[in-house]
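Here's the structure we're looking at; comments come further down.
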Amino acid sequence: MIVWLNGTHGAGKTTTGALLQQLLPDSRVFDAEKVGEALMDITPTLSPTDNFQHWPPWRPLVVETARRVLDYTGGTLVMPMTVLVQEYWHEISTGLASHGIAVRHFVLHADQDTLRGRIAGDMVVGPDSPFRLQYLEPYAEAARTWLHDEAEVVDTTHLTPAEAALRIAESVKG
């Protein structure tokens with residue numbers, strides 16, 4: 001099984017994912033961003049883009065990598081990764097389903113003020129990251145138009161990452 005943690009930057013995906021992994025027996029965290037980083041290292045570079053998810057190989061490579069890891073390890077993969085383009089989400093989820101992999105899709109949601117505050121206070125990535133801030137409106141649009149309809153929404157506005165991880169673990173186990 002895959003537990004996909006979606007949501008925009010600042011929602012708590014990475015922290016929640018690490019805590020969730022500790023709550024789910026026989027689970028591992030797989031960050032699909034590493035697949036994008038591998039594509040960014042190709043020289044000469046692939047076509048210019050502001051987001052590696054727009055490169056057509058990224059999506060099937062995420063599916064294939066997740067499938068191969070699960071074939072090797074079994075258990076559950078916890079995948080914290082923002083996907084805001086519905087077509088991309090369908091490509092990934094359909095690809096995983098074609099291999100018989102169950103996906104539980106969760107969106108970690110927080111209101112815009114909370115997200116801005118978290119981004120401003122993030123000393124790991126850096127405060128007020130322009131990259132992270134530029135995804136707030138696309139997230140809001142995806143949430144309004146499709147994302148919240150296609151996932152289990154966990155509002156993290158007033159939850160700690162540990163509380164969010166516990167809610168998700170209880171839902172997955174339940």
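Everything numeric in this text was worked out from a predicted model, so none of it was measured.
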[X] side chain vs [Y] backbone, donor-acceptor pair below 3.5 Å:
X	Y	result
K13	G7	yes
N6	V83	yes
K173	L23	yes
T114	A110	no
Q21	V29	no
W4	V107	no

- Query: Could you walk me through whether W58 and I92 pass the side chain to side chain contact (heavy atoms under 4.5 Å, CB included) check?
  - Reply: CA-CA 10 Å; W58 180 78; I92 292 167; 3.6 Å; yes

Could you pull out all donor-acceptor pairs under 3.5 Å where a side-chain atom in residues 33-46 meets a protein atom, sequence neighbours excluded?
none

- Establish, yes or no, whether a centroid distance under 6.0 Å links the rings of H9 and Y139.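 When the ring centroids of H9 and Y139 are compared, they turn out to be at least 6.0 Å apart.
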
Tell me which pairs pass salt bridge (Lys or Arg N to Asp or Glu O under 4.0 Å) where either residue lies in residues 54-83, with sequence neighbours left out.
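Sorted result for residues 54-83: R59-E91, E64-R67, E64-R68, R67-D71.
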
| query | Among pairs that include at least one residue of residues 133-150, which meet salt bridge (Lys or Arg N to Asp or Glu O under 4.0 Å), considering only residues two or more places apart or in two chains? | reply |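 Found E137-R144, E141-R144.
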
Heavy-atom closest contact ([X] atom, [Y] atom, distance):
X	Y	result
P56	P60	O-CD, 3.0 Å
G74	R28	O-NH1, 4.3 Å
H148	A143	NE2-CB, 3.4 Å
T82	Q53	O-NE2, 2.6 Å

| said: My understanding is that only residues two or more places apart in sequence, or in another chain, count here; which of them pass ring-ring contact (aromatic ring centres under 6.0 Å, His included) with H54? | reply: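 If we apply the ring-ring contact (aromatic ring centres under 6.0 Å, His included) test to H54, skipping adjacent residues, the hits are Y88.
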
How long is the span from the [atom1] atom in [X] to the [atom2] atom in [Y], to the nearest 0.5 Å?
X	Y	atom1	atom2	answer
I101	T76	CD1	OG1	11.5 Å
L24	L77	CG	CG	11.0 Å
L70	F30	CG	CZ	9.5 Å
L96	H105	CG	NE2	11.5 Å
L84	W146	CG	CH2	7.0 Å
T156	H109	OG1	NE2	8.0 Å

In terms of hydrophobic clustering (I, L, V, M, F, W, Y; side-chain heavy atoms under 4.5 Å; direct or indirect links), are [X] and [Y] co-clustered?
X	Y	value
M81	V78	no
L19	V154	no
I2	V63	yes
V62	F106	no
L108	V85	no

Could you pull out all donor-acceptor pairs under 3.5 Å where a side-chain atom in residues 159-172 meets a protein atom, sequence neighbours excluded?
from	atom 1	to	atom 2	distance (Å)
T160	OG1	A162	N	3.4
T160	OG1	E163	N	3.0
T160	OG1	E163	OE1	3.4
E163	OE1	T160	N	2.8
S171	OG	R104	NH2	2.7
S171	OG	E152	OE1	3.1

Applying the side-chain contact (heavy atoms from CB on, under 4.5 Å) criterion to L115, which one of L133, T8, T157 satisfies it?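 Among L133, T8, T157, the one meeting side-chain contact (heavy atoms from CB on, under 4.5 Å) with L115 is T8.
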
Can you name the residues that form a side chain to side chain donor-acceptor pair (under 3.5 Å) with S93, not counting sequence neighbours?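 Residues passing side chain to side chain donor-acceptor pair (under 3.5 Å) with S93: none at all.
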
